[in-house]
Visitor: 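Here it is, the structure in full.
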Amino acid sequence: MLRAWRERRRVSQLELALRAGSSARHISFIETGRSRPSEEMVLRLAEHLQVPVRERNALLLAAGHAPRYSETPLDDPALGALREGLERLIQGYEPYPALVVDATYDVVTANRGITLLLQGVPESLLAPPLNAMRLTLHPEGLAPRIRNLRQWRGHLLAQMERQIALHRSAALRELYEEVAAYPVPESGTEETADDMSYVALPLRIEHEGRVLSFVSSISTFNTPMDVTVAELAIETFLPADPATVKYLQSVAT
């Protein structure tokens with residue numbers, strides 16, 4: 001397992017040893033099973049290889065140690081303060097859209113800005129568990145409304161590919177294969193980011209006869225000590241032009 005992560009990060013045994021204050025010989029012995037690493041060494045190597053928290057537990061188990069990181073259900077009372085904080089955060093972002101998703105893009109919570117964009121989406125796609133990727137790319141979801149769909153779709157699929165490479169998640173791979181197979185609705189108004197000047201690739205989406213423009217930002221938690229928390233992501237959509245700002249402020253009043 002250690003070798004797989006090291007090769008995935010394209011790091012040699014010597015380079016990893018230097019980073020971790022060890023020797024290439026010791027790293028080799030760990031990888032071949034000739035040496036049993038301490039818990040501290042496993043965690044140090046995982047840190048230098050940027051191994052996700054869930055996979056760090058797997059490395060610890062493989063080395064004969066107990067998992068270090070808990071996996072607390074999000075509805076557990078222990079995460080009550082976190083849930084309340086997330087709710088306040090995304091509500092404070094209104095009238096602009098914001099949501100929180102888990103490792104497979106199931107929506108944990110969303111604000112009224114997201115609800116606004118989902119108006120008219122079939123109930124079948126809004127049934128729990130609500131999935132952000134399905135909602136966005138499904139031909140009966142938001143896809144027909146996205147003016148630069150091919151670009152935005154390419155961005156989302158590439159994002160998922162990077163996460164699959166990082167997390168080795170079978171559930172995420174299954175979701176990727178599902179949404180990548182969705183037919184792309186034909187549109188006579190397909191735009192590209194080159195058509196206009198933006199600081200980042202925008203989401204250009206039609207809403208009630210208007211075209212709203214957003215740039216997306218994703219935030220995660222620093223130094224998480226719980227698998228559930230480590231896999232949460234907060235996505236916020238910042239208006240990319242004055243017309244979008246004006247419209248969203250008008251509907252919020």
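Nothing fancy with the numbering, it's 1 onward along the sequence. What's counted below: heavy atoms across the whole structure, side chains too, no hydrogens, waters or symmetry copies.
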Visitor: Considering only residues two or more places apart or on different chains, which pairs with a residue in residues 81-98 satisfy salt bridge (Lys or Arg N to Asp or Glu O under 4.0 Å)?
Guide: Glu94-Arg112

Visitor: Classify the ring geometry between Phe237 and Trp152 as parallel (under 30°), tilted (30 to 60°) or perpendicular (over 60°).
Guide: tilted

Visitor: Any idea how Tyr93 and Tyr96 line up, ring-wise: parallel (<30°), tilted (30 to 60°), or perpendicular (>60°)?
Guide: perpendicular

Visitor: Take Thr109 and Leu99 through the test side chain to side chain contact (heavy atoms under 4.5 Å, CB included) and record every step on the way to the result.
Guide: CA-CA 6 Å; Thr109 184; Leu99 73 164; over 6 Å; no

Visitor: Measure across Arg145 and Gly120 and return the closest heavy-atom pair with its distance rounded to 0.1 Å.
Guide: NH2-C, 3.3 Å

Visitor: Side chain to side chain contact (heavy atoms under 4.5 Å, CB included) for Leu126 and Leu118? Distances and angles first, verdict last.
Guide: CA-CA 9 Å; Leu126 298 176; Leu118 294 180; 4.2 Å; yes

Visitor: Quick check: closest heavy atoms across Ala233 and Ile218, and the distance to 0.1 Å?
Guide: CB-CG2, 3.9 Å

Visitor: Would you say that Val229 contacts Leu79 through its side chain, given a criterion of any heavy-atom pair below 4.5 Å between the two side chains?
Guide: yes

Visitor: For Ser169 and Gln163, which I'm curious about, is there any donor-acceptor pair between the side chains at under 3.5 Å?
Guide: no

Visitor: Walk me through whether Thr220 and Leu232 qualify under side chain to side chain contact (heavy atoms under 4.5 Å, CB included).
Guide: CA-CA 6 Å; Thr220 55; Leu232 293 177; over 6 Å; no

Visitor: Side-chain contact test, heavy atoms from C-beta onward, threshold under 4.5 Å: evaluate it for Ile146 versus Arg204 and give yes or no.
Guide: no

Visitor: Can you find a heavy atom in the side chain of Ile164 that is under 4.5 Å from one in the side chain of Tyr176?
Guide: yes

Visitor: State, yes or no, whether a side-chain contact exists between Glu208 and Gln119 at a heavy-atom distance under 4.5 Å.
Guide: yes

Visitor: Let me see the working for Glu15 and Arg6 under salt bridge (Lys or Arg N to Asp or Glu O under 4.0 Å), right down to the final yes or no.
Guide: CA-CA 10 Å; Glu15 185 178 355; Arg6 180 176 58 75; over 6 Å; no

Visitor: Check this for me: Glu177, atom CD, are more than 12 non-hydrogen atoms of other residues, nucleotides or ligands nearer than 6.0 Å?
Guide: yes

Visitor: Are Leu203 and Val101 connected into the same hydrophobic cluster when the rule is that any two of I, L, V, M, F, W, Y join if their side-chain heavy atoms are below 4.5 Å apart?
Guide: yes

Visitor: Check whether any side-chain N or O of His207 sits under 3.5 Å from a backbone N or O of Leu117 as a donor-acceptor pair, and report yes or no.
Guide: no

Visitor: What are the two closest heavy atoms between Ile27 and Leu45, and how far apart are they?
Guide: CD1-CD2, 3.6 Å

Visitor: Please name the pair of heavy atoms, one in Pro139 and one in Pro183, separated by the smallest distance, quoted to 0.1 Å.
Guide: CG-CG, 4.0 Å

Visitor: Indicate yes or no: at least one non-hydrogen side-chain atom of Pro52 is less than 4.5 angstrom from one of Trp5.
Guide: yes

Visitor: Just do the side chain to side chain contact (heavy atoms under 4.5 Å, CB included) check on Ile90 and Val100 with the steps written out, would you?
Guide: CA-CA 8 Å; Ile90 64 172; Val100 181; 4.1 Å; yes

Visitor: When you compare the side chain of Thr236 with that of Ser216, does any pair of heavy atoms fall below 4.5 Å?
Guide: no

Visitor: When you compare the side chains of Tyr105 and Gln159, does any donor N or O come within less than 3.5 Å of an acceptor on the partner?
Guide: yes

Visitor: Is any side-chain heavy atom of Thr136 closer than 4.5 Å to one of Arg153?
Guide: no

Visitor: Can you name the closest pair of heavy atoms from Thr244 and Val211 and give their distance?
Guide: OG1-O, 4.4 Å

Visitor: Minimum heavy-atom separation for Arg36 to Gly64, with atom names?
Guide: NH2-O, 3.1 Å

